[in-house]
Amino acid sequence: MSTYTIPKTMKAAVVPATGADLQITEVPVPQPETLKPGECLVKLDCTGVCHTDLHAAKGDWPIPAKTPLIGGHEGVGVVVAIGAHTQDSPIKLGDRVGIKWLADSCLDCELCRKGLEQSCLKGRYSGFTVDGTFSQYVLSYVRHVTPIPENLGSAEAASILCAGVTVYRAIKYSNARIGDWIVLPGAGGGLGHLAVQYAVAMGLRVLAVDTGADKRDLVLKLGAEKWIDFRETKDLVKDIQAATDGLGPHAAVITAATSTAYEQAVDYLRPGGTIMVVGLPARASLNADIFFTVTKSISILGSYVGNRQDAREALDIAARGKVKCTFQLKPLSALEETYHALEAGTVAGRIVLDMQ
Ligand SMILES: NC(=O)c1ccc[n+]([C@@H]2O[C@H](COP(=O)([O-])OP(=O)(O)OC[C@H]3O[C@@H](n4cnc5c(N)ncnc54)[C@H](O)[C@@H]3O)[C@@H](O)[C@H]2O)c1
Ligand SMILES: [Zn+2]
Ligand SMILES: [Zn+2]
């Protein structure tokens, strides 16, 4: 079902094989008459670039992405077609919606019913197991696209759909309460700079850890109270504890894409503290000292994006102006250079691609 004119081909960034260079090329647009019930076609305004897209293209994780792959999972656009015979669609033609990492799930298994739909065994992942948003149109699913609040621009909303919702949920489950200290290793990156703002909005005191003057200036402007440059400190544990009343932070939300950022978390956290495992470095395992994890009563929790409700809450907070993504808008042709910049750690905030 569509009242829009849909072209036969579109521009897309394709990863032909794991680890291969990106190709910007013309690919077929899924046509409205081929959509199954429950599927929809979204014409994208823009899409954020998450470090996850780079991990997927490089094959960093134990589960490989599909190939050829169109990556991307922070897309915002307009619904231009809905599959025939779709029952009770929560969205209509012309609605502005977001595409997040979890493209679809069964909504009927125990995990889905309990709100852990991102771990559904039938889950489909944008830019990983199904094609994502580095293209002008994307096929998605009416039950999982996220309505975008009217007063939030598409480019402003894009990175809330992955980076925002992920850190919002991680902070929510970190057990940190108003007035507590939270340390954010990776604070100057895409996830991290939003984490600073969600944490401040929740009344937490933020110690930001990252590197370089650009990221320092950004996180202090966004409300971090203290800053440590991980490349300059001689003793990270001592400096983090000194910055947080001598006892260490109550929680750590680790969004760095390197395993070194995890190494000393058990040592610097306050007894009773929580480590939120968010950053997904390549082929990494957590090495936590068991004796101190026990005697300091440390909780170590994995946190995986967020469910549909988390996405709506994270967007609502952004729409009310409490959290603003700091981004640079670039064309799709800048994706390759964006990957190099993420690898080099030189992106403060986010890069968002203009798909029009
Ligand atoms: N758990 C989830 O559901 C989830 C969701 C989205 C992204 N991620 C993962 O989160 C990670 C971050 O993604 P991003 O898009 O924000 O990446 P990014 O590259 O924008 O940010 C990472 C930041 O970490 C900093 N950093 C590197 N080493 C550090 C260290 N030792 N200490 C402190 N900071 C350090 C970098 O300078 C950079 O600013 C990626 O691994 C991504 O795959 C996880
Ligand atoms: Zn992401
Ligand atoms: Zn399910």
Side-chain angles (χ1 to χ4, degrees), residues 47-56 58 60-61 71-75 99-102 104-128 132-133 143-144 158-170 183-195 208-212 214-216 218-219 227-231 233 236 240 252-265 276-282 284 301-307 310 326-327 338-339 341-351:
T47 178
V49 184
C50 180
H51 207 117
T52 287
D53 298 309
L54 175 58
H55 292 306
K58 286 169 57 188
D60 278 348
W61 297 332
H73 56 274
E74 289 187 347
I99 311 287
K100 52 188 172 44
W101 174 248
L102 183 65
D104 194 30
S105 72
C106 80
L107 295 184
D108 202 31
C109 67
E110 177 185 313
L111 300 169
C112 283
R113 288 196 304 270
K114 284 184 169 166
L116 204 61
E117 60 210 32
Q118 58 276 43
S119 296
C120 173
L121 299 183
K122 293 185 182 156
R124 297 186 232 225
Y125 302 95
S126 309
F128 196 63
T133 56
R143 296 181 308 176
H144 268 281
S159 294
I160 305 299
L161 289 154
C162 177
V165 63
T166 299
V167 297
Y168 168 64
R169 181 182 171 97
V183 63
L184 302 174
L191 269 66
H193 90 289
L194 293 169
V209 181
D210 208 311
T211 191
D214 287 353
K215 292 180 183 175
R216 178 199 60 210
L218 175 65
V219 299
W227 158 262
I228 293 173
D229 189 315
F230 70 85
R231 289 223 171 94
T233 172
L236 186 71
I240 287 182
V253 174
I254 301 181
T255 60
T258 55
S259 48
T260 40
Y262 284 93
E263 274 164 16
Q264 290 161 305
M276 299 306 289
V277 179
V278 176
L280 287 161
L301 303 179
S303 191
Y304 189 24
V305 286
N307 60 26
D310 296 317
T326 298
F327 62 90
T338 301
Y339 282 169
L342 285 171
E343 190 105 67
T346 54
V347 181
R350 227 3 159 211
I351 304 291

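For ligands, and for the atoms within them, numbers begin at 1 and follow the listed sequence. One is the number of the first residue; the rest follow in order along the sequence.
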min-distance protein heavy atom vs atom 4 (C) of ligand 1 -> Thr166 CG2, 3.7 Å
> N/O of Leu191 under 3.5 Å from N/O of ligand 1, yes or no?
Replying inline: yes
Ligand 1 to Thr260, heavy atom cutoff 4.0 Å, flagged ligand atoms 31 (N)
ask   = Under 3.5 Å between some N or O of ligand 1 and some N or O of Tyr304?
value = no
- Hey, is ligand 1 close enough to Ala256 that some N/O pair sits below 3.5 Å? no
Atom 22 (C) of ligand 1: closest protein heavy atom, distance to 0.1 Å, is Thr255 O, 3.8 Å
Quick one: does Asp53's side chain have a donor or acceptor within less than 3.5 Å of a partner on Gly72's backbone?
yes
Under 4.0 Å from one or more heavy atoms of Gly189, ligand 1 contributes atoms 20 (O), 21 (O), 39 (O)
Discussion item. Tell me whether Arg350 reaches ligand 1 (any heavy atom closer than 4.0 angstrom to a ligand atom).
Written reply: yes
Counting from 1 in the order shown, the ligand 1 atoms closer than 4.0 Å to a non-hydrogen atom of Lys215 are 36 (C), 37 (O), 38 (C), 39 (O)
Distance col, row Thr326:OG1 vs Arg350:CZ, nearest 0.5 angstrom, shows 12.0 Å
Closest to atom 36 (C) of ligand 1 by heavy-atom distance, out of Asp210, Ile254, Ile351, is Asp210
For atom 40 (C) of ligand 1, the closest protein heavy atom turns out to be His55 NE2, 3.5 Å
Near the Zn ion (ligand 3), meaning under 2.8 Å, the protein N/O/S atoms are Cys106 SG, Cys109 SG, Cys112 SG, Cys120 SG
Exercise for the section: Could you tell me how the ring of Trp101 sits relative to the ring of Tyr304: parallel (under 30°), tilted (30 to 60°) or perpendicular (over 60°)? Expected result: perpendicular
Query raised in the report: Hey, is ligand 1 close enough to Leu342 that some N/O pair sits below 3.5 Å?
Result: no
> Is it true that the side chains of Lys215 and His193 contain a donor and an acceptor less than 3.5 Å apart?
Replying inline: no
Scanning both residues in full, the closest heavy-atom pair of Pro281 with Ala256 reads CD-O, 4.3 Å
- Query: Any heavy atom of Val347 sitting closer than 4.0 Å to ligand 1?
  - Reply: no
Could you check whether any side-chain N or O of Glu74 sits under 3.5 Å from a backbone N or O of Cys50, counting only pairs where one atom can act as donor and the other as acceptor?
no
On a heavy-atom basis, the closest approach of Gly189 and Asp210 is N-OD2, 3.8 Å
Nearest non-hydrogen contact to atom 10 (O) of ligand 1 from the set Gly302, Ala344, Gly279, Cys50 belongs to Gly279
Looking only at protein heavy atoms, what sits closest to atom 28 (N) of ligand 1 is Thr258 OG1, 3.0 Å
Among non-hydrogen protein atoms, atom 20 (O) of ligand 1 lies closest to Gly190 N, 2.9 Å
shortest atom 43 (O) of ligand 1-to-protein heavy-atom contact is with Thr52 OG1, 2.7 Å
query = Does Tyr262 use its side chain to pair, donor to acceptor, with the backbone of Val277 at less than 3.5 Å?
reply = no
Exercise. Say whether Val305, considering both its backbone and side-chain N or O atoms, lies within less than 3.5 Å of an N or O atom on ligand 1.
Key: yes
Within 4.0 Å of some non-hydrogen atom of Ala261, the atoms of ligand 1 are 30 (C), 31 (N), 32 (N)
Rounded to the nearest 0.5 angstrom, the CD-OG1 distance for Glu343 and Thr338 is 12.5 Å
When every non-hydrogen atom of Val347 is compared with those of Ala341, the smallest separation belongs to CG2-CB, 3.6 Å
Practice task
Look only at interatomic distance and state if Trp61 has a nitrogen or oxygen under 3.5 Å from any nitrogen or oxygen of ligand 1.
Solution key: no
Numbered in order shown, the ligand 1 atoms found under 4.0 Å of a heavy atom of Ala257 are 40 (C), 41 (O)
Report task. Could you tell me whether the Zn ion (ligand 2) has an N, O or S atom of His51 under 2.8 Å away? Result -> no
* Side-chain ion pair, Glu117 and Arg143, N-O less than 4.0 Å -> no
Task: Whether Trp61 side chain and Leu280 backbone form a donor-acceptor pair below 3.5 Å - done: yes
Distance-only N or O hit between ligand 1 and Gly192, under 3.5 Å
no
Got a donor-acceptor contact below 3.5 angstrom from the Asn307 side chain to the Gly115 backbone?
yes
Quick note on ligand 1: atoms under 4.0 Å from a heavy atom of His51 include exactly 13 (O), 14 (P), 15 (O), 17 (O), 18 (P), 19 (O), 40 (C)
Among non-hydrogen protein atoms, atom 1 (N) of ligand 1 lies closest to Ser303 O, 2.8 Å
Here the vertex angle at the Zn ion (ligand 2) for NE2 of His73 and SG of Cys50, given to 10°, is 110°
Side chain His144, main chain Ser105, donor-acceptor under 3.5 Å = yes
Interatomic distance, CG@Leu191 vs CD1@Ile254, rounded to 0.5 Å, equals 13.0 Å
for atom 34 (N) of ligand 1, nearest protein heavy atom and its distance come out as Gly186 N, 3.1 Å
